[in-house]
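Working notes, structure below.
On a predicted model such as this, the values are computed, not experimentally measured, just so you know. Throughout, residue positions are numbered sequentially from 1 according to the sequence presented.
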Amino acid sequence: DNQIAGGVGISFGDGLRCAGGNAIRLEIVMADAAGACQTSIDIHAAGGISAGDVKNYQLWYSDPTLSPCGFLFNLTNGLQIHW
């Protein structure tokens with residue numbers, strides 16, 4: 001629901017956690033060989049979004065082979081959407 005530390009984030013795993021509040025898992029997907037993935041769900045419906053909501057999103061992913069800090073997971077940049 002909100003941005004952590006004003007959107008700057010805090011250390012978490014091998015990266016920064018920028019999205020917080022009522023965190024929910026929308027979907028689990030597997031990345032392809034290039035590291036790309038795509039959602040197959042209706043994010044609006046799965047996230048219980050209403051018109052006028054402001055939501056913050058961030059992808060949390062496993063990183064077992066390239067984990068620079070040894071935590072074995074990382075996060076994408078945060079994204080805020082005004083619905």
task = Quick one: closest heavy-atom pair of Ile4 and Ala19, and the distance?
result = CD1-O, 3.5 Å
ask   = Do Phe73 and Ile10 belong to the same hydrophobic cluster, where Ile, Leu, Val, Met, Phe, Trp and Tyr are linked whenever their side-chain heavy atoms lie under 4.5 Å apart, directly or via other members?
value = no
key: Phe71 with Leu16, same ILVMFWY side-chain cluster at under 4.5 Å   = no
message = Show the nearest heavy-atom pair for residues Ala46 and Ile24, with the distance to one decimal.
response = O-CD1, 4.3 Å
note = d(Asn74 CG, Trp60 CH2) to nearest 0.5 Å is 11.0 Å
request  = Please report the closest heavy-atom contact between Glu27 and Ser40, naming both atoms and the distance.
outcome  = OE2-OG, 2.7 Å
ask   = Would a distance-only check, ignoring hydrogens and angles, find a side-chain to backbone donor-acceptor pair under 3.5 Å from Asp32 to Ala34?
value = yes
ask   = What are the two closest heavy atoms between Gly7 and Cys18, and how far apart are they?
value = O-SG, 3.9 Å
Atom of Cys69, atom of Asp14 and distance for their closest heavy-atom approach = CB-OD1, 2.8 Å
key: Nearest heavy atoms of Met30 and Cys37, plus distance in Å   = O-CB, 4.1 Å
task = List for me each residue that meets side-chain contact (heavy atoms from CB on, under 4.5 Å) alongside Asn22, sequence neighbours excluded, and say none if there are none.
result = Asp1
inquiry  = Nearest 0.5 Å, please: how far is CG in Leu26 from CD1 in Ile43?
reply    = 6.5 Å
ask   = Which residues pass the ring-ring contact (aromatic ring centres under 6.0 Å, His included) test with Tyr61, sequence neighbours left out?
value = none
Taking only distance into account, with no hydrogens and no angle test, what donor-acceptor pairs under 3.5 Å do side-chain atoms of residues 76-83 form with protein atoms, sequence neighbours excluded?
residue: Thr76; atom: OG1; partner: Leu59; partner atom: N; Å: 3.0
residue: Gln80; atom: OE1; partner: His82; partner atom: NE2; Å: 3.3
residue: Gln80; atom: NE2; partner: Asn56; partner atom: OD1; Å: 3.2
residue: Trp83; atom: NE1; partner: Tyr57; partner atom: OH; Å: 3.2

